[in-house]
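A short worksheet on the structure shown next.
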Amino acid sequence: MTDFSKYANPGVLGLRPYQPGKPIEELEREYGVSNIIKLASNENPLGPSPMALAAMRGELEDVWLYPDGNGFELKQKLAARHGVEMDRITLGNGSSDVLEFAVRVFVGPADEVLFSEHSFALYPLLTQAVGGTPVVAPAKAWGHDLEAMRERISDRTRVIFIANPNNPTGTWLGAEELESFIRDVPEHALVVVDEAYFDYAIAPATGAGDYPDCSAWVERYPNLMVARTFSKSYGLAGLRVGYAVSHSQVADLMNRVRPPFNVNSVALAAAAAALDDSEHLSRSVQMNADGLKQLAEAFAAQGLDYIPSVGNFISVDVGQPSGPIYEALLHQGVIVRPVANYGMPNHLRVTVGTKEENERFLGALYKVLVG
Ligand SMILES: *Cc1c(COP(=O)(O)O)cnc(C)c1O
């Protein structure tokens with residue numbers, strides 16, 4: 001018998017595949033329950049903008065053609081939106097794609113990638129895949145402890161990931177503390193601020209008053225890269241579109257490892273159209289702010305500790321190992337996310353749904369915890 005693991009990159013052997021939220025169809029198949037709600041992957045319960053849908057339909061006849069490999073139209077729109085030159089934009093098949101490019105460009109064996117405890121599971125995965133060394137700074141009150149991170153920057157640090165707000169904790173860093181951290185990072189380390197939940201966090205209704213738009217800082221700090229996605233607030237997770245704003249030379253280097261045609265033509269058209277629908281975005285963001293409040297108030301009323309969040313999800317401490325609670329919720333047709341693999345064994349992360357979905361989740365949780 002051939003053992004292919006002998007020939008694999010050593011870093012790959014230490015990896016465990018990223019655990020996605022359970023798909024609805026799988027739960028239907030395995031548990032025989034119906035009327036399922038999925039609050040497990042931070043998707044937008046309102047779905048995509050009607051303008052994005054129309055753009056997708058308009059693109060279907062042309063899918064026999066390769067997409068624009070440079071994504072000119074979308075890049076142009078993004079550049080205008082961020083007030084930067086187009087050569088600072090890199091498009092990705094989801095923003096996870098651009099996070100990977102940054103690691104592949106800058107990190108080799110024996111290089112270090114720094115991130116926080118309780119942060120996004122993709123960061124260690126991308127690091128180990130290239131043989132890099134993950135350096136994990138302890139968290140403070142579930143969020144980033146920038147002092148602890150600063151102390152762990154070494155000559156070998158090449159990438160520093162900061163999710164703002166952080167997934168799965170929903171914690172965020174304010175403008176002043178984050179900028180003073182970035183200012184001190186030596187140029188051999190690229191600071192990647194992952195703003196997957198930007199539109200939610202920036203909304204006044206959510207309450208993160210000092211939440212910064214780091215993309216406005218890329219001209220000030222050449223070693224800063226900001227990642228954004230269309231998967232969350234724009235409701236286009238299935239299409240896979242994201243992008244980075246960075247120094248033009250960083251963008252040029254990332255472009256060299258980017259597979260040609262990494263963003264498909266339907267996704268390019270949808271993302272460009274979605275940017276024009278500010279009304280759909282603000283409806284999504286307002287619904288999220290209402291839902292966060294609804295969930296937080298219900299948790300408080302049940303005496304459950306939760307981590308105040310400015311994302312479209314919230315993590316709640318169920319006061320016991322959350323695995324069995326997660327399982328019991330599945331039997332009620334409610335899919336949420338256990339986060340034991342993020343060092344949070346008693347928490348469940350729940351995506352903010354519609355008012356009705358939140359109610360169903362809260363009812364099911366009450367039933368499971370109280371009976
Ligand atoms: C969802 C998420 C992403 C991006 O997902 P894509 O679908 O690949 O754009 C990136 N970072 C964090 C922290 C996320 O939660």
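Each ligand, and each atom within it, is numbered from 1 in the order the structure gives.
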Name each donor-acceptor pair under 3.5 Å that joins a side chain in residues 247-255 to protein atoms two or more places apart or in another chain, with its distance.
from	atom 1	to	atom 2	distance (Å)
His247	ND1	Gln249	N	2.9
Asp252	OD2	Arg256	NE	3.4
Asp252	OD2	Arg256	NH2	2.6
Asn255	OD1	Arg258	NE	2.7
Asn255	OD1	Arg258	NH2	3.2

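Looking at every heavy atom in both residues, Ala364 comes nearest to Val334 through CB-CG2, 4.0 Å.
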Assess the residue pair Arg240 and Ser96 against the criterion (side-chain hydrogen bond (donor to acceptor under 3.5 Å, both in side chains)); give the C-alpha distance rounded to whole Å, side-chain angles, the decisive distance to 0.1 Å, and a yes or no. CA-CA 9 Å; Arg240 318 299 306 126; Ser96 36; 3.3 Å; yes
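Ring centroid separation for the pair His331 and Tyr326 does not come in under the 6.0 Å cut-off. For Tyr211 and Phe198, the gap between ring centers is short of 6.0 Å. Note: Phe115 and Phe120 fail the aromatic proximity criterion, with ring centroids not under 6.0 Å apart.
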Quick one: table the atom pairs, ligand 1 N or O against protein N or O, below 3.5 Å, distance rounded to 0.1 Å.
from	atom 1	to	atom 2	distance (Å)
ligand 1	7 (O)	Ser231	OG	2.6
ligand 1	7 (O)	Arg240	NH1	2.7
ligand 1	7 (O)	Arg240	NH2	3.3
ligand 1	8 (O)	Ser95	N	3.3
ligand 1	8 (O)	Ser96	N	3.0
ligand 1	8 (O)	Ser96	OG	2.5
ligand 1	8 (O)	Arg240	NH2	2.7
ligand 1	9 (O)	Ser95	N	2.7
ligand 1	9 (O)	Ser95	OG	3.0
ligand 1	9 (O)	Thr229	OG1	2.5
ligand 1	9 (O)	Ser231	OG	3.4
ligand 1	11 (N)	Asp194	OD1	3.2
ligand 1	11 (N)	Asp194	OD2	2.6
ligand 1	15 (O)	Asn167	ND2	2.7
ligand 1	15 (O)	Tyr197	OH	2.6
ligand 1	15 (O)	Lys232	NZ	3.2

